[in-house]
There are 2 protein chains.
Amino acid sequence: MAFQYKAPQRDIQFVMHDVLGLENLYAGLPKFADTNRELIDSIVEAGAQFCEGELAPLNRSGDEEGCTFNNGEVTTPKGFKEAYAKYVELGFGALSAEPEHGGQGLPPTIGIALSEMMGTANWSFGMYPGLSHGAINTVEAHGTPEQKETYLTKLVSGEWTGTMCLTEPHAGSDLGIIRTKAEPNADGSYAITGTKIFISAGEHDLADNIIHITLARLPDAPKGTKGISLFIVPKFLPDGTRNTVACGSIEHKMGIKASATCVMNFDNAKGFLIGPPNRGLNCMFTFMNTARIGTAIQGLAAAEGSFQGALEYARDRLAMRALSGPAFPEKEADPIIVHPAVRQLLLTQKAFAEGGRLLCYWLSTQNDVIQGSESEEARKQADELLSFLTPIAKAFLTEVGYESANHGVQVYGGHGFIREWGMEQIVRDTRIALLYEGTTQIQALDLLGRKVLQTQGGLLKNFTRIVHKFAEANKDNAELAQFLTPLTALNKEWGDLTMKIGMKAMQNPNEVGAAAVDYLFYSGYVTLAYLWALMAKTAQDKIAAGEGDKAFYEAKIKTAQFYFKKILPRTKGHVEAIDGGLDVLMQMDVESFAF
Amino acid sequence: MAFQYKAPQRDIQFVMHDVLGLENLYAGLPKFADTNRELIDSIVEAGAQFCEGELAPLNRSGDEEGCTFNNGEVTTPKGFKEAYAKYVELGFGALSAEPEHGGQGLPPTIGIALSEMMGTANWSFGMYPGLSHGAINTVEAHGTPEQKETYLTKLVSGEWTGTMCLTEPHAGSDLGIIRTKAEPNADGSYAITGTKIFISAGEHDLADNIIHITLARLPDAPKGTKGISLFIVPKFLPDGTRNTVACGSIEHKMGIKASATCVMNFDNAKGFLIGPPNRGLNCMFTFMNTARIGTAIQGLAAAEGSFQGALEYARDRLAMRALSGPAFPEKEADPIIVHPAVRQLLLTQKAFAEGGRLLCYWLSTQNDVIQGSESEEARKQADELLSFLTPIAKAFLTEVGYESANHGVQVYGGHGFIREWGMEQIVRDTRIALLYEGTTQIQALDLLGRKVLQTQGGLLKNFTRIVHKFAEANKDNAELAQFLTPLTALNKEWGDLTMKIGMKAMQNPNEVGAAAVDYLFYSGYVTLAYLWALMAKTAQDKIAAGEGDKAFYEAKIKTAQFYFKKILPRTKGHVEAIDGGLDVLMQMDVESFAF
């Protein structure tokens, strides 16, 4: 009874071609110059078929069955092994990897489209190859030639998978206090000892080997974040021996039950240093940015999937009459999509799904530029934009994606609470996205503290300049004024707000923490406002040119209007909450919270 | 590892005695004149012991085990039967029922305190006796003397339980289209045939008999809501025969897994008409108002429970340093309660839990007055206030309770997603509260359409007058100005906003639907602002009088300050979203939502 996932190929094409003009972009990036529209569309179509046909049907059953743990081994739900084999066979894991180790060398954004479709069809499944990407990126960026030789080909093909072993029972966001030890062995390797928790894909039955990228401390390493090194710890060593890293148990979770979340015990496991000693956290950031975009996609996937389900139900389910009189007098009641409050839920999901899609893909094109451009200036600009937008995409999109998932349940009424309809699963699966890869609160501090204030507003100005240029270029476009007038005002307010917080923060650094989360939401709503204005402009151009399906483009403009009138007002509350200041947060004694 | 529930007796006493002055209130209601403070506190304390000692320990295990269905029979999780027997033995079911059938005749508000504590300790358990209350109220209000004689004593004692059988597979919110039939039998009873779904406590192993209060249609009944009658359909007939009503299956749900949600098949089951023919829906409203307050309490319970868990964790968990410098330099990191963003989550939970408590109890005192007052005018006023506040309490408190539950997960970081900590269970258990007993959207229509606009703003004016009087009475109180100034502005804005919507609605009734949900949230935030101002004033008086624990009262004032500075700003967004109007919701063709 759960809804049938249908990959939104039309909208993906709109984002990729109409808005972002990928073919043009890649023509200017020699490394990716062969990636033309035909190739892109054919990959998206192949991905769509795989996700609709193989992954979506395993989503509910995977949730019901979950992973099972038995004596160190993890069994994935029925069908996952076969689907993963097909994924490897179809070469989907290798899309964006470097060609020298078997990758197809395509721009990262092509992989993002696949990640979106896999994620919406079956988020738990996507976790297994998703984690491998992080390991691949880390080895590509920091591995020695020998390490690349040993690990990359099989990671890229998907015959092996990877993990990132960071968290420990007492240390999550605060990696500076991890305790796992790495003692040098005589042969140049290290003996790794410690316990890691929350390790996604730490153990499973999908692949022949699992490569754990692991944070640990060398003997006499400095305290804190500057004393952490990175190690490759394979489940099976290159000579085939079983290493002494083992799964101790798996977690029982709210959602993503088909994704194994493992406790990993390292008992003098053999590890190999990757990157310079004590610089592990820096090396890790390579991975973390990828992971954060990957998690942002979970917000997009939640909005898209729950929207698809809710739309189907809202068109079918009959209840009550339209307030303006029966819309379908011949039926015993009207379909619930006639009700404004139901439409508000659906349009909210739609605005976040489609706006979130553009944000993720646009963000990803910055990676395309970083990897493919020969201009240092272009790479620097892309890197700064990526750096600024990553915490917004990660935190804001997962928050509004979770909101959208809840709207999906709401449209179904009581049926939304019943497992067989699939709506509540999206809520449960998505809840983790606000937590892993840095909570919303951590992302908010990253945005306001590190990205905005530490650059004296430089990264923010880069962005507001883009918005300003867009508004200037279209200032005589009367039909865009409905978007550009409020957008321009917000663009200015954003700077003023930042200045005000910055001044207060000079007096007391806690002001940053007090403002950060509201500031993050504010930034997210404004960022999406820019992207919706951009989509409206694109649609307007297409309609004027008489190209494509007019109804499709008109729907874009209508959704933009909805976004500006019904969602963007939320910025008001965040501005005033920031004005509310720090004192009301700090004045309560720890003992006085409860009596 | 899940947190230990501790009944908030101190805060319940604050609400009952300091703010609402129950002893005084009851002194003026002859029926309840014996209910003094000592009696109230002793019942709350007995309830607290039962909830902490018997119910809370079954909450996690009940969720893991769930109910099981086998051949028409439902088994509740381990320990539920014994706990229910104890509940009956302690007489908790009989607190607020009429003495002539074994009730203790206490004011409804005393029962509300017990409902809150049971609900926070173990919502699923509370569903079983909770549903009985609805059946008891219905039989008390509409039953014949014989029906009362036959059913009430055992329902009141708890030996039997009750249900409300409304929903059918195709009819939830829209009861006008139900199809269950009632054919007259020769003996004056009726043969009931049809299928009801989502019947909480429809079948279980806790009680000897189950009394189903059932909606069905008489032959030739008018179409729609005016052709529905109400029937008593017992599982076992008064002569001991097993009736032909049976559980066909139970639902697999997101949460409240220890509460059996049943499909009930009526196969010529013997039923007895209660209340006048074709007036079943009106009789049902008696019950529905009780059920809606009961569901509002689920929002309060979610906020309270998740706050207790999150507070404990935030005091214990060490991660990062305070932005203003190490708070506990001797520890390896600071407890996360030092971070403003964590405090914002905790204070939000606290503000909704304590504000929600006062709203529920205050609402309930209107029932005390309705049942106990000898003044018709007082009863009318109470009834109107109850009528106005019920959709606000039901929808707003469940929404912000659900938000609070999610904050609980957020404070725990990744651990919040793990079942053993208990935080994610509160999210799953609470999600249904936004759906059953009328969704948020239905409540919003009830508030704006029926309660506000259909009374030409009369019910709203009753309320704003209370706020106005409060502000006037305290206008020279300099320390209250921080609350009264914004509250007075909102009180006026509320009226203006209503007028504006009312004018637009005269042109197009869909305007009501477009504004309703934002209007409901707005109304909720303003209502809670009044209650927080009232609590601040109460605390101020206590401090001035040197009575009680000063730190407790100071915390009340600080929480009020937090609420006004950090939560109340949300009203801005809702006002502007209402201004955003109807068109952006309606202009999208049904076919253009997706391509």
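Being a predicted model, the structure only gives us computed values, none of them experimental. All chains are named by letter (A, B, ...) in the order of the sequence lines, taking the proteins before the strands, and each is independently numbered beginning at 1.
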Task: B:Lys565, NZ: over 12 other non-hydrogen atoms inside 6.0 angstrom - done: no
Task: Contact class of B:Ala551 relative to chain A, heavy atoms under 4.5 angstrom - done: both
- [ ] Can you tell which part of A:Tyr563 gets under 4.5 Å to a heavy atom of chain B, answering side chain, backbone, both or neither?
- [x] neither
Open item on the list: Given heavy-atom pairs under 4.5 angstrom as the criterion, report whether the side chain, backbone, both or neither of B:Leu434 touches chain A.
Closed with: both
TODO: Measure distances from B:Lys253 to the heavy atoms of chain A and classify the residue's part below 4.5 Å as side chain, backbone, both or neither.
DONE: both
TODO: Examine whether an atom of B:Thr261 lies under 4.5 Å from a heavy atom of chain A, and if so say whether it belongs to the side chain, the backbone or both; otherwise answer neither.
DONE: neither
Task: Distance, nearest 0.5 Å, that separates CG of B:Leu435 from CZ of A:Phe417 - done: 8.0 Å
- [ ] For each of B:Ala516, B:Gly416, B:Gly573, B:Ala444, tally heavy-atom pairs with chain A at distances under 4.5 Å, and name the one with the top tally.
- [x] B:Gly573
Open item on the list: Between B:Asp518 and chain A, with a heavy-atom cut-off of 4.5 Å, which part of the residue counts as in contact: side chain, backbone, both or neither?
Closed with: side chain
Open item on the list: Restricting to non-hydrogen atoms, name the atom on B:Met588 and the atom on A:Ala555 that form the minimum distance, rounded to 0.1 Å.
Closed with: CE-O, 3.6 Å
Open item on the list: Looking only at heavy atoms and a cut-off of under 4.5 Å, which of B:Lys572, B:Glu576, B:His574, B:Lys6 has the most pairs with chain A?
Closed with: B:Glu576
Task: Proximity breakdown for A:Glu511 and chain B, heavy-atom pairs closer than 4.5 Å - done: neither
- [ ] Among B:Arg570, B:Glu64, B:Gln344, B:Arg321, single out the residue with the greatest number of heavy-atom pairs under 4.5 Å to chain A.
- [x] B:Gln344
Open item on the list: Let's test your reading of the structure: which of A:Val427, A:Asn510, A:Thr167 forms the most heavy-atom pairs below 4.5 Å with chain B?
Closed with: A:Asn510
Task: Contact leader toward chain A among B:Gln441, B:Met586, B:His252, B:Arg431, where contacts are heavy-atom pairs under 4.5 Å - done: B:Arg431
Task: Smallest separation among heavy atoms of B:Thr439 and A:Gly413, with atom names - done: CG2-CA, 4.5 Å
Open item on the list: If I measure from the heavy atoms of chain A, does B:Leu568 come under 4.5 Å with its side chain, its backbone, both, or neither?
Closed with: neither
- [ ] Over all heavy atoms of both residues, which pair between B:Gly513 and A:Leu323 is shortest? Give the atoms and the distance, please.
- [x] N-CD1, 3.6 Å
TODO: Tell me, out of B:His415, B:Glu251, B:Lys223, who's got the most heavy-atom pairs with chain A below 4.5 Å.
DONE: B:His415
Open item on the list: Counting only non-hydrogen atoms closer than 4.5 Å, does B:Val409 touch chain A with its backbone (N, CA, C, O), its side chain (CB onward), both, or neither?
Closed with: both
Task: Flag side-chain contact, heavy atom, 4.5 Å: A:Val584 against B:Phe564 - done: no
- [ ] Identify the two heavy atoms, one from A:Leu318 and one from B:Ile177, that lie closest to each other, and give their separation to 0.1 Å.
- [x] O-CD1, 4.3 Å
Open item on the list: Please classify the contact between B:Asp583 and chain A as side chain, backbone, both or neither, with a heavy-atom cut-off of under 4.5 Å.
Closed with: neither
Task: Exercise: do B:Gln587 and A:Gln561 side chains pair donor with acceptor under 3.5 Å - done: yes
TODO: Against chain B, label A:Ala171 side chain, backbone, both or neither, depending on which of its atoms sit under 4.5 Å from a heavy atom there.
DONE: backbone
- [ ] For B:Phe307 and A:Phe593, work out which heavy atoms get closest and say how close.
- [x] CZ-O, 3.3 Å
Task: Min side-chain heavy-atom separation A:Phe595-B:Asp11 under 4.5 Å - done: no
Open item on the list: Please classify the contact of B:Phe198 with chain A as side chain, backbone, both or neither, using a heavy-atom distance under 4.5 Å.
Closed with: side chain
Open item on the list: Would you compute the distance between atom CE of A:Met320 and atom CG of B:Leu175 and round it to the nearest 0.5 angstrom?
Closed with: 8.5 Å
Open item on the list: Looking at every non-hydrogen atom in both residues, tell me the closest pair between A:Ser324 and B:Pro509 and how far apart they are.
Closed with: CA-CG, 3.9 Å
Task: Ionic contact status for B:Glu332 with A:Arg179, cut-off 4.0 Å - done: yes
Open item on the list: Report which part of B:Arg419 has an atom under 4.5 Å of a heavy atom belonging to chain A: side chain, backbone, both, or neither.
Closed with: both
- [ ] Drop me the distance from B:Thr348's OG1 to A:Leu585's CG, to the nearest 0.5 angstrom.
- [x] 8.5 Å
Task: Most contacts with chain A, counted as non-hydrogen pairs under 4.5 angstrom, among B:Gln9, B:Lys350, B:Arg10 - done: B:Lys350
Open item on the list: Heavy-atom cut-off 4.5 Å, strictly under: side chain, backbone, both or neither for B:Arg317 against chain A?
Closed with: side chain
TODO: Measure distances from B:His339 to the heavy atoms of chain A and classify the residue's part below 4.5 Å as side chain, backbone, both or neither.
DONE: neither
Open item on the list: If I take atom NZ from residue A:Lys550 and atom OG from residue B:Ser592, how far apart are they, to the nearest 0.5 angstrom?
Closed with: 11.5 Å
Open item on the list: Please classify the contact between B:Val590 and chain A as side chain, backbone, both or neither, with a heavy-atom cut-off of under 4.5 Å.
Closed with: both
TODO: Using non-hydrogen atoms and a 4.5 Å limit, figure out which bit of B:Lys556 sits close to chain A: side chain, backbone, both or neither.
DONE: neither
- [ ] Would you mind checking which part of A:Ile567 comes under 4.5 Å of any heavy atom in chain B, side chain (CB onward), backbone (N, CA, C, O), both or neither?
- [x] neither
